[in-house]
Structure formats: structure tokens, C-alpha cells
Amino acid sequence: MKSELHASIFIPSNTIDWKPNSSKMLFGGIVLLIAFGGAHYFLDINTLLGIIIAFVLWLIGAIWGLSERQIPNGDFKGQLFISEDSIKINQKTYTWTEVNNFSFKLLHFLGQELHSSTIEYFRFPTGGPAYSAGIDNYIYFTSRNETIKVFFRIESPKHKIDFSTLIKELYLKDRISLEKAYNGLNLPYEEIQKLKKLKVEVKRQISN
């Protein structure tokens, strides 16, 4: 059975994201703390209430960041289909013989925890989110005088594993290079060596 990937295409927005989030609250709280603290120190103005409000704003942002889920700034439009034979973006198909300079990045799946330790959620000044929307994965290639970059959502751990399996199959079938495979999958050294040995074995079986 051939490996394949089916995923929703995500189109990032080109506009500023004005939706409130923990990062904005953290940054806003810090800016207000500096402003009110400076006014109190340099201008001798009683800004205690403002300082308290700014601290509460920062604290809310920090706590919110512990459980915040990333909100996509963009839209889901269309479907991406990748197989050992071709890449299909909505109704347009590119065979692998037409694909050049292929690269990709496989990062997070929907709901994946973004930080391993609690203290990282309070890092200055970025805050959350704590859980990914799974939309920072992408493929890039050129074909027919086109330059194509498509972001897509990975829905689950299994979906991520399925994509990893497909990429390894593409490497074994000489669709993509080893460097592209391990960079995109962020493979450790041991996994890279296993993949290279597997390629040698596949070549040996073909030659026999």
C-alpha cells in the first residue's frame, strides 16, 4: 500500500491580528508597568493604581498562557494531497518529475503542547499559546515557472507519523534528497543513519 498524505490547506492572513491573546496581555502589562513606574519615579505622580492594574494585566496574561490554544490568523481553503506519484493542491496536480527544489517543514500537530516545562510559559515577553493549532507545517517547491509554498494543518500524532512515513518513502524512491528529509523531519543522528542503511538495502534488493 502506497503512503500518502491528505491535509487541509491553511492560508495565513496578511493583516495584523488584533485578537486578544496572552502575549499581548503580557506585553501590554509590561509596557504599562514601565510607563506608570517611570511617571512615579521621574514625575513624582501617584500611579499606584495604574501599577496594580498593569501587574494584574501581566499576571492574567501569564496565567492564560498556561492553557491558551493558538488561534489561527487566516483561513482554511482547499486540500493538499501528497503521494509517491504527485502533489495535488486543490485541483492542480504536479508529478514528481515536474517538482523542483522541494523542501518542507513538519513541526506541530493540532493540540500539541508547545513547551515542556511550566516556567517556560512565563518567558519574557512572549507568553503563550501553550497548545498549537497545527498550522506551521509547510511544503515548498518550484514547478512550471511557479514558486509554491503551502501551509497545512497536521490533525493528530498519527497524522504526523503518516507524513513522516511518506517523506521517508519519498527519499527511498529518490523523490527527495536525504538532506531535505532529515532537515524537514528534524531527525536525530541515529534515525538518519537508519534511513541511510535502509536506502542501501532497498538499492541492493532492486539490483538483485
Side-chain angles (χ1 to χ4, degrees), residues 7-78 80 103-140 147-157 159-161 163-164 179-180 182-192:
S8 298
I9 294 173
F10 176 70
I11 302 176
S13 174
N14 292 322
T15 61
I16 298 174
D17 184 8
W18 295 106
K19 294 186 289 292
N21 57 39
S22 63
S23 298
K24 292 185 178 72
M25 295 191 74
L26 273 169
F27 184 74
I30 291 169
V31 170
L32 290 176
L33 277 171
I34 294 172
F36 286 126
H40 176 73
Y41 182 80
F42 293 106
L43 303 176
D44 197 25
I45 298 174
N46 186 357
T47 57
L48 179 61
L49 179 60
I51 290 173
I52 292 173
I53 292 173
F55 177 76
V56 170
L57 184 65
W58 176 88
L59 186 62
I60 291 172
I63 294 173
W64 184 10
L66 288 169
S67 58
E68 182 185 11
R69 295 186 177 275
Q70 182 184 17
I71 299 175
N73 182 31
D75 299 297
F76 292 97
K77 291 183 179 179
L80 170 68
S103 63
F104 72 97
K105 205 67 180 176
L106 179 63
L107 295 171
H108 304 106
F109 58 81
L110 178 63
Q112 182 173 353
E113 190 173 2
L114 294 175
H115 309 289
S116 58
S117 63
T118 302
I119 193 65
E120 292 183 41
Y121 295 120
F122 293 90
R123 63 201 187 284
F124 173 82
T126 54
Y131 300 97
S132 174
I135 54 175
D136 49 359
N137 313 284
Y138 68 85
I139 61 169
Y140 168 93
T147 298
I148 300 118
K149 186 175 185 179
V150 177
F151 287 89
F152 59 94
R153 181 164 67 187
I154 292 293
E155 305 285 349
S156 65
H159 200 196
K160 189 174 183 178
I161 291 171
F163 184 71
S164 298
E179 181 182 6
K180 299 293 186 183
Y182 69 67
N183 280 336
L185 295 176
N186 194 29
L187 294 176
Y189 176 79
E190 294 77 10
E191 289 296 321
I192 296 172

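Here the structure is a predicted model, which means the values were calculated and not measured.
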inquiry  = Using a 3.5 Å distance criterion without hydrogens, assess whether the side chain of Lys24 forms a donor-acceptor pair with backbone atoms of Gly61.
reply    = no

query = If every non-hydrogen atom of Tyr131 is compared with every non-hydrogen atom of Leu66, which pair is closest and at what distance?
reply = CE1-O, 4.2 Å

task = Drop me the distance from Leu80's CG to Ser8's OG, to the nearest 0.5 angstrom.
result = 9.5 Å

request  = List for me each residue that meets side chain to side chain contact (heavy atoms under 4.5 Å, CB included) alongside Leu57, sequence neighbours excluded, and say none if there are none.
outcome  = Met25, Leu32

ask   = Is there a donor-acceptor pair under 3.5 Å between the side chain of Glu191 and the backbone N or O of Pro188?
value = no

key: Shortest non-hydrogen contact from Phe104 toward Lys180   = CE2-O, 3.2 Å

note = Separation between CG (Leu106) and CD1 (Ile139), nearest 0.5 Å, reads 12.0 Å

request  = Would you give the length of the straight line joining atom CD1 of Ile9 to atom CG of Asp75, rounded to the nearest 0.5 angstrom?
outcome  = 12.5 Å

ask   = Atom CD1 in Ile135, atom CD1 in Ile11: separation rounded to 0.5 Å?
value = 12.0 Å

key: Nearest non-hydrogen partners of Ala54 and Phe36, listed with the distance   = CB-CD1, 4.5 Å

ask   = Do Ile51 and Leu33 pass the side chain to side chain contact (heavy atoms under 4.5 Å, CB included) test, and can you show the C-alpha distance, the side-chain angles, and the key distance before you say yes or no?
value = CA-CA 6 Å; Ile51 290 173; Leu33 277 171; 3.8 Å; yes

request  = Please list, chain by chain and in numerical order, all residues satisfying side chain to side chain donor-acceptor pair (under 3.5 Å) with Glu155, sequence neighbours excluded.
outcome  = Arg153

query = According to the interplanar angle, ranging from 0 to 90°, do the rings of Phe76 and Phe10 count as parallel (below 30°), tilted (30 to 60°) or perpendicular (above 60°)?
reply = tilted

note = So OG of Ser156 and CD1 of Ile161: to nearest 0.5 Å the spacing works out to 8.5 Å

query = Which atom pair, heavy atoms only, marks the closest approach of His108 to Asn137?
reply = O-ND2, 2.9 Å

ask   = Does atom CD1 of Ile16 have more than 12 heavy-atom neighbours, drawn from other residues, nucleotides or ligands, at distances under 6.0 Å?
value = no

request  = Flag yes if more than 12 heavy atoms outside His159 fall under 6.0 Å of its NE2 atom; otherwise flag no.
outcome  = yes

task = Supply the atom-to-atom distance Asn73 CG to Thr15 OG1, rounded to the nearest 0.5 angstrom.
result = 5.5 Å

query = How close do Pro12 and Phe151 get, heavy atom to heavy atom, and via which atoms?
reply = CG-CD1, 3.9 Å

key: Any Pro129 side-chain heavy atom under 4.5 Å of Asn21 side chain   = no

request  = Report, as yes or no, whether the 6.0 Å neighbourhood of atom NZ on Lys77 holds more than 12 heavy atoms from other residues, nucleotides or ligands.
outcome  = no

inquiry  = Using every non-hydrogen atom in the two residues, find where Val150 and Phe152 come nearest and quote the distance to one decimal.
reply    = O-CD2, 3.8 Å

